[in-house]
Novice: 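Before anything else, here's the structure in question.
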Amino acid sequence: MSEPDRAQLQALEDIAVEVARSAARLIVDERPAGLGVARTKASATDIVTVMDQAAQDHLLARLGALAPDDAVLGEERGGRGGTSGLTWVVDPIDGTVNYLYELPAYAVSVAVVDGDPAVPGAWRPLAGAVVNPVSGECFRASRGGGAFRSVAGGPQRRLTLRAAPAHLGEALVATGFGYAASTRGEQAALLVDLLPRVRDLRRLGSAALDLCRLAAGEVDAYYERGLNAWDLAAGWLVATEAGAVVGGPGGRDEAPTSELLWACGPDLAACFGPLITGLARRHHGS
Ligand code: IPD
Ligand code: CA
């Protein structure tokens with residue numbers, strides 16, 4: 001597919017918002033009493049609830065109706081191929097552990113990408129939306145069109161990063177941890193080196209929302225190892241469109257991958273980028 005024009009990008013963004021909002025309503029309205037863990041994935045802490053699967057099935061059905069030629073790649077079981085060259089990359093509940101515990105920091109994340117989302121660095125988000133059904137926040141963006149937040153259907157406000165702190169030592173940094181114990185050990189070792197150099201750290205529990213928090217100026221930087229395309233696709237675009245530099249393990253000119261995503265404002269990028277990629281190489285061997 002050739003590069004979509006602004007009207008096409010806006011139409012894709014509108015679809016992302018519509019389906020993310022509808023799945024976000026579903027996970028709140030149809031949450032069963034006494035919700036538990038339906039199954040686990042890579043480790044005992046990597047959980048799936050019946051609502052993760054139900055929300056993904058819902059997204060597949062809605063996207064089948066609104067974008068029948070496009071492929072869908074989701075975090076849970078299922079997905080489908082397409083003919084258009086576009087893929088919808090969906091996380092039906094990002095922050096599943098928060099959802100299980102009813103901590104109000106989870107979201108439905110929906111993005112449409114060009115390129116192959118199964119190949120690291122070979123794809124880019126075109127449009128996306130992240131919806132937190134508890135706060136009522138809807139974050140949305142499309143390539144070149146800016147990033148916006150609305151709350152509970154209120155007016156859309158354009159997102160911009162907060163002014164960069166003068167020093168890395170004044171930066172509030174968000175991060176997250178994987179589910180495998182071995183990865184967590186390495187992530188903890190990296191934290192020992194990072195924490196004394198920054199203002200403080202936040203672990204909020206949803207990568208999609210972490211990137212939107214950066215876009216909204218609520219943290220100064222974010223990094224994480226081990227993310228999948230569905231965790232980061234929509235948030236990557238929201239953060240970029242709000243003015244963030246989003247880089248990968250090789251630096252700011254490289255797309256984020258499961259090895260490393262880091263993001264911050266352009267002024268902080270000159271010190272945070274080299275620091276975090278260097279620490280990742282030291283502790284994760286990447
Ligand atoms: C997880 C969240 C978490 C991040 C993990 C992700 P899930 O996604 O985004 O913040 O630290 O790496 O796997 O499992 O809740 O969809
Ligand atoms: Ca996720």
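For reference, positions follow the sequence shown, starting with 1. Whatever order the structure lists ligands and atoms in, that order sets their numbers, starting from 1. None of these values were measured; they are calculated from a predicted model.
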Novice: Among all the protein's non-hydrogen atoms, which is closest to atom 16 (O) of ligand 1, and how far away is it?
Specialist: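 Its nearest protein heavy-atom neighbour is E75 OE1, 3.0 Å.
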
Novice: Does G226, backbone or side chain, put an N or O under 3.5 Å from an N or O of ligand 1?
Specialist: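 No, since none of the N or O atoms of G226 sits under 3.5 Å from an N or O of ligand 1.
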
Novice: Closest non-hydrogen protein atom to atom 4 (C) of ligand 1, residue and atom name please, with distance?
Specialist: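 Here the closest protein heavy atom is E224 OE2, 3.1 Å.
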
Novice: For L209 and V130, which heavy atoms make the closest approach, and how far apart are they?
Specialist: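 Scanning both residues completely, I find the closest heavy atoms to be CD2-CG1, 3.9 Å.
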
Novice: Pairs of nitrogen or oxygen atoms closer than 3.5 Å, one from L227 and one from ligand 1: do any exist?
Specialist: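 No, there is no polar N/O contact under 3.5 Å.
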
Novice: Relative to ligand 1, is R203 under 4.0 angstrom through side chain, backbone, both or neither, heavy atoms considered?
Specialist: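 The side chain, only.
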
Novice: Does D231 approach ligand 1 within less than 4.0 angstrom via side chain, backbone, both or neither, non-hydrogen atoms only?
Specialist: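 The part of D231 near ligand 1 is the side chain, not the backbone.
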
Novice: For ligand 1, is any non-hydrogen atom under 4.0 Å from S206's backbone (N, CA, C, O), its side chain (CB onward), both, or neither?
Specialist: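 Just the backbone.
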
Novice: Any idea which part of I93 is under 4.0 Å from ligand 1, heavy-atom wise: side chain, backbone, both or neither?
Specialist: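 It is the backbone that gets close, since no side chain atom is under 4.0 Å.
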
Novice: Ignoring angles and geometry beyond distance, decide whether G205 reaches within less than 3.5 Å of ligand 1 through its nitrogen or oxygen atoms.
Specialist: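 N/O-N/O distance below 3.5 Å exists for this pair.
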
Novice: Do you know the tightest heavy-atom contact between T257 and G121?
Specialist: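 Minimum heavy-atom contact is CG2-N, 4.2 Å.
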
Novice: Looking at V112, D70, I15, which one forms a side chain to side chain contact (heavy atoms under 4.5 Å, CB included) with L63?
Specialist: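 Of all the options given, the one that passes is I15.
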
Novice: Considering residues at least two apart in sequence or located in another chain, which fulfil the side chain to side chain donor-acceptor pair (under 3.5 Å) criterion with D114?
Specialist: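 Result, side chain to side chain donor-acceptor pair (under 3.5 Å) vs D114: R143.
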
Novice: Between R202 and Y222, is NZ or CZ placed under 6.0 angstrom from the six-membered ring centre and within 45° of the ring axis?
Specialist: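 R202 over Y222 ring: no.
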
Novice: Where on D46 is there a heavy atom closer than 4.0 Å to ligand 1, on the side chain, on the backbone, on both, or on neither?
Specialist: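 D46 to ligand 1: no contact under 4.0 Å from either part.
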
Novice: Please test D210 against R203 for salt bridge (Lys or Arg N to Asp or Glu O under 4.0 Å), starting from the C-alpha separation and ending with a verdict.
Specialist: CA-CA 9 Å; D210 287 330; R203 198 295 192 241; 5.3 Å; no

Novice: Report the part of Y179 (side chain from C-beta onward, or backbone N, CA, C, O) that has a heavy atom under 4.0 Å from ligand 1; answer both or neither where that applies.
Specialist: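 The side chain, only.
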
Novice: Under 3.5 Å, is there a donor-acceptor pair between the H283 and E186 side chains?
Specialist: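 No pair is found: no donor N or O on one side chain lies under 3.5 Å from an acceptor on the other.
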
Novice: Is there at least one pair of N or O atoms, one from V97 and one from ligand 1, spaced under 3.5 Å apart?
Specialist: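 By distance alone, the answer is no.
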
Novice: Run the numbers for me: atoms of ligand 1, each under 4.0 Å from some heavy atom of G95, listed by number.
Specialist: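 Counting from 1, the qualifying ligand atoms are 7 (P), 15 (O), 16 (O).
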
Novice: Kindly confirm or rule out an N or O of D210 lying under 3.5 angstrom from an N or O of ligand 1.
Specialist: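 No, there is no polar N/O contact under 3.5 Å.
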
Novice: For a distance under 3.0 Å, give residue and atom name for each protein N, O or S atom next to the Ca ion (ligand 2).
Specialist: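 Short answer, with waters excluded from the count: D91 OD2, D94 OD1, D231 OD1.
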
Novice: Could you identify the single nearest non-hydrogen protein atom to atom 8 (O) of ligand 1 and state the distance to 0.1 Å?
Specialist: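 That would be D94 OD1, 3.0 Å.
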
Novice: Find the distance between CD (E241) and CG (L159) and round it off to the nearest 0.5 Å.
Specialist: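 It is 10.5 Å, given to the nearest 0.5 Å.
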
Novice: R158 side chain to A147 main-chain N or O, any donor-acceptor pair under 3.5 Å?
Specialist: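 Such a contact is absent between R158 side chain and A147 backbone.
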
Novice: Check ligand 1 against G176 and write out every atom of the ligand that is under 4.0 Å from a heavy-atom position of the residue.
Specialist: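 In order of number, 11 (O).
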
Novice: Are side-chain N/O atoms of D46 and T40 paired as donor and acceptor at under 3.5 Å?
Specialist: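 On atom types as modelled, these side chains do not qualify, holding no pair under 3.5 Å.
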
Novice: For ligand 1, which atoms, with element, lie under 4.0 Å from some heavy atom of A207?
Specialist: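 It comes down to these atoms of ligand 1: 2 (C), 9 (O), 10 (O).
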
Novice: Would you sort out whether D94 and S109 count as a side-chain hydrogen bond (donor to acceptor under 3.5 Å, both in side chains), showing the intermediate values?
Specialist: CA-CA 7 Å; D94 187 55; S109 174; over 6 Å; no

Novice: Under the salt bridge (Lys or Arg N to Asp or Glu O under 4.0 Å) rule, collect the residues that match up with E75, sequence neighbours excluded.
Specialist: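 Listed in chain order: K41.
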
Novice: Side chains of F272 and L168: closer than 4.5 Å at any heavy-atom pair?
Specialist: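 Side-chain contact under 4.5 Å: yes.
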
Novice: Write out all pairs satisfying ring pair (Phe, Tyr, Trp, His ring centres under 6.0 Å) with one or both partners inside residues 223-244, taking only residues at least two apart or from two chains.
Specialist: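 Non-adjacent pairs meeting ring pair (Phe, Tyr, Trp, His ring centres under 6.0 Å): W123-W236.
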
